[in-house]
**Student:** 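Let me begin by handing over the structure; questions about it come next.
Throughout, numbering of the chain's residues begins at 1 and tracks the sequence.
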Amino acid sequence: MAENKYMKRCLELAQKAFDEDEVPIGALIVDPQSGMILSEAHNISEHILDATAHAEIMAIRRACEKLGTNRLRGMDLYVTLEPCTMCAAAISFARIENLYFGAYDPKGGAVVSGVRFYESPTCHHRPQIHGGLLEDECSLILKKFFKNKRKKTSGLPQP
């Protein structure tokens with residue numbers, strides 16, 4: 001299944017973010033016609049001190065720059081976590097065709113959780129949504145990251 005191949009690459013990017021002490025989320029923009037990955041990114045908000053530097057936003061920016069356009073019609077976005085409201089809006093504005101995500105985010109997600117951005121009457125473009133790809137793996141890396149963060153702030157010894 002091609003979707004799993006792309007999500008596995010997203011997990012590799014999430015691991016890179018984890019190793020850099022960023023929230024471990026990875027994203028890709030894929031041209032489904034050719035199967036080519038147009039761009040890839042992971043969260044870099046902490047390192048560049050930019051609250052908008054989420055994996056999805058960075059992948060969209062890079063793909064738009066590569067294609068010389070501000071719209072990504074017909075393209076697919078893969079991401080390890082259900083997008084937040086900001087990223088859901090960016091996906092809509094970019095006109096992404098299909099959104100594939102791994103773990104659901106009941107607290108911060110805005111696609112099938114929370115505000116359900118695409119169900120808003122003011123949303124002008126709604127991608128096809130495919131959630132739960134490699135959900136366990138995507139969820140596990142996030143749980144591990146935040147568990148480590150809690151240990152650091154509690155002063156407990158590191159494993």
Side-chain angles (χ1 to χ4, degrees), residues 1-32 34-66 72 75-94 96-118 127-154 156 158-159:
M1 194 159 136
E3 292 86 9
N4 284 347
K5 173 182 90 168
Y6 296 125
M7 193 57 73
K8 285 179 183 177
R9 178 61 187 145
C10 287
L11 280 163
E12 291 171 1
L13 294 164
Q15 183 62 52
K16 185 175 179 185
F18 184 101
D19 294 344
E20 295 173 6
D21 203 29
E22 293 277 357
V23 176
I25 299 172
L28 307 173
I29 302 288
V30 175
D31 178 346
S34 67
M36 187 171 100
I37 295 173
L38 296 175
S39 67
E40 54 184 42
H42 60 78
N43 277 9
I44 57 172
S45 296
E46 297 295 325
H47 283 77
I48 68 168
L49 304 176
D50 180 350
T52 69
H54 289 194
E56 301 96 318
I57 301 284
M58 301 309 296
I60 289 169
R61 286 178 184 167
R62 292 172 183 164
C64 286
E65 185 176 317
K66 183 174 186 172
L72 298 171
M75 300 300 137
D76 296 343
L77 185 142
Y78 289 80
V79 62
T80 54
L81 183 65
E82 177 184 353
C84 68
T85 306
M86 176 181 69
C87 292
I91 291 163
S92 177
F93 281 111
I96 298 288
E97 185 72 25
N98 288 286
L99 165 62
Y100 296 88
F101 67 87
Y104 291 85
D105 186 358
K107 291 182 181 179
V111 176
V112 296
S113 305
V115 300
R116 297 182 182 199
F117 182 81
Y118 302 124
Q128 294 295 313
I129 299 164
H130 313 273
L133 275 97
L134 302 181
E135 182 179 4
D136 292 340
E137 294 94 325
C138 292
S139 181
L140 185 62
I141 192 169
L142 286 158
K143 287 177 183 174
K144 182 178 175 186
F145 178 80
F146 287 110
K147 182 179 180 182
N148 288 346
K149 283 287 184 193
R150 285 189 298 276
K151 282 182 182 178
K152 286 179 186 177
T153 59
S154 72
L156 294 175
Q158 297 298 304

**Student:** Looking at CE of Met75 and CG of Leu38, how far apart are the two atoms once the value is rounded to the nearest 0.5 Å?
**Tutor:**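 Nearest 0.5 Å value for the CE-CG distance: 6.0 Å.
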**Student:** Using the rule given for side-chain contact (heavy atoms from CB on, under 4.5 Å), can you reason through Lys66 versus Arg62, listing the C-alpha separation, both sets of side-chain angles and the distance that settles it, and then say yes or no?
**Tutor:** CA-CA 6 Å; Lys66 183 174 186 172; Arg62 292 172 183 164; over 6 Å; no
**Student:** Quick one: does Glu82's side chain have a donor or acceptor within less than 3.5 Å of a partner on Val112's backbone?
**Tutor:**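 Checked: pair present.
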**Student:** Go through it in stages, so that I can follow the logic: the residues are His42 and Glu20, the test is side-chain contact (heavy atoms from CB on, under 4.5 Å), and I'd like the CA-CA distance, side-chain angles, deciding distance and then a yes or no.
**Tutor:** CA-CA 10 Å; His42 60 78; Glu20 295 173 6; 3.0 Å; yes
**Student:** Counting N and O atoms only, with roles assigned by atom type, does the side chain of Tyr104 sit under 3.5 Å from a partner on the main chain of Ser139, one being a donor and the other an acceptor?
**Tutor:**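 No; judged by distance alone, with no hydrogens or angles, the pair does not exist.
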**Student:** Can you tell which of Ile37, Ile96, Asp76 makes a side chain to side chain contact (heavy atoms under 4.5 Å, CB included) with Ile29?
**Tutor:**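 Among the candidates, only Ile96 passes.
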**Student:** Which of these, Ile129, Leu77, Ile25, Ile91, sits in a side chain to side chain contact (heavy atoms under 4.5 Å, CB included) with Pro83?
**Tutor:**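 Considering Ile129, Leu77, Ile25, Ile91, a side chain to side chain contact (heavy atoms under 4.5 Å, CB included) with Pro83 is found only for Ile91.
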**Student:** May I ask you to test the Phe146-Val23 pair for a side-chain heavy-atom distance under 4.5 Å?
**Tutor:**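 Yes. Closest side-chain heavy atoms under 4.5 Å.
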**Student:** Step by step, would you call Tyr78 with Glu3 a side-chain contact (heavy atoms from CB on, under 4.5 Å)?
**Tutor:** CA-CA 8 Å; Tyr78 289 80; Glu3 292 86 9; 3.6 Å; yes
**Student:** Check the pair Leu11 / Cys138 against side-chain contact (heavy atoms from CB on, under 4.5 Å), numbers first and verdict last.
**Tutor:** CA-CA 7 Å; Leu11 280 163; Cys138 292; 3.9 Å; yes
**Student:** Return the set of residues passing side-chain contact (heavy atoms from CB on, under 4.5 Å) with Ser92 (not counting sequence neighbours), or none when no residue passes.
**Tutor:**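 Here the qualifying residues are Phe117, Tyr118, Cys123, His125.
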**Student:** Just wondering, do Ile57 and Met86 contact through their side chains at under 4.5 Å, heavy atoms?
**Tutor:**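 In contact.
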**Student:** Any heavy-atom pair between the side chains of Cys64 and Leu72 that's under 4.5 Å?
**Tutor:**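 Side chain of Leu72 against side chain of Cys64, heavy atoms only: contact under 4.5 Å found.
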**Student:** For the side chain of Glu46 and the backbone of Glu22, is there at least one donor-acceptor N/O pair under 3.5 Å apart?
**Tutor:**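 Here the side-chain-to-backbone pair does not exist.
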**Student:** Using the rule salt bridge (Lys or Arg N to Asp or Glu O under 4.0 Å), only one of Arg9, Lys16, Lys8 pairs with Glu12; which is it?
**Tutor:**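 Considering Arg9, Lys16, Lys8, a salt bridge (Lys or Arg N to Asp or Glu O under 4.0 Å) with Glu12 is found only for Arg9.
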**Student:** Taking C-beta and beyond as the side chain, do Val30 and Tyr100 meet within less than 4.5 Å on heavy atoms?
**Tutor:**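 Not touching, per the 4.5 Å side-chain cut-off.
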**Student:** For the CZ atom on Phe93, are there more than 12 heavy atoms of other groups (residues, nucleotides or ligands in this structure) within a distance under 6.0 Å?
**Tutor:**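 Not buried by this count: 12 neighbours or fewer within 6.0 Å.
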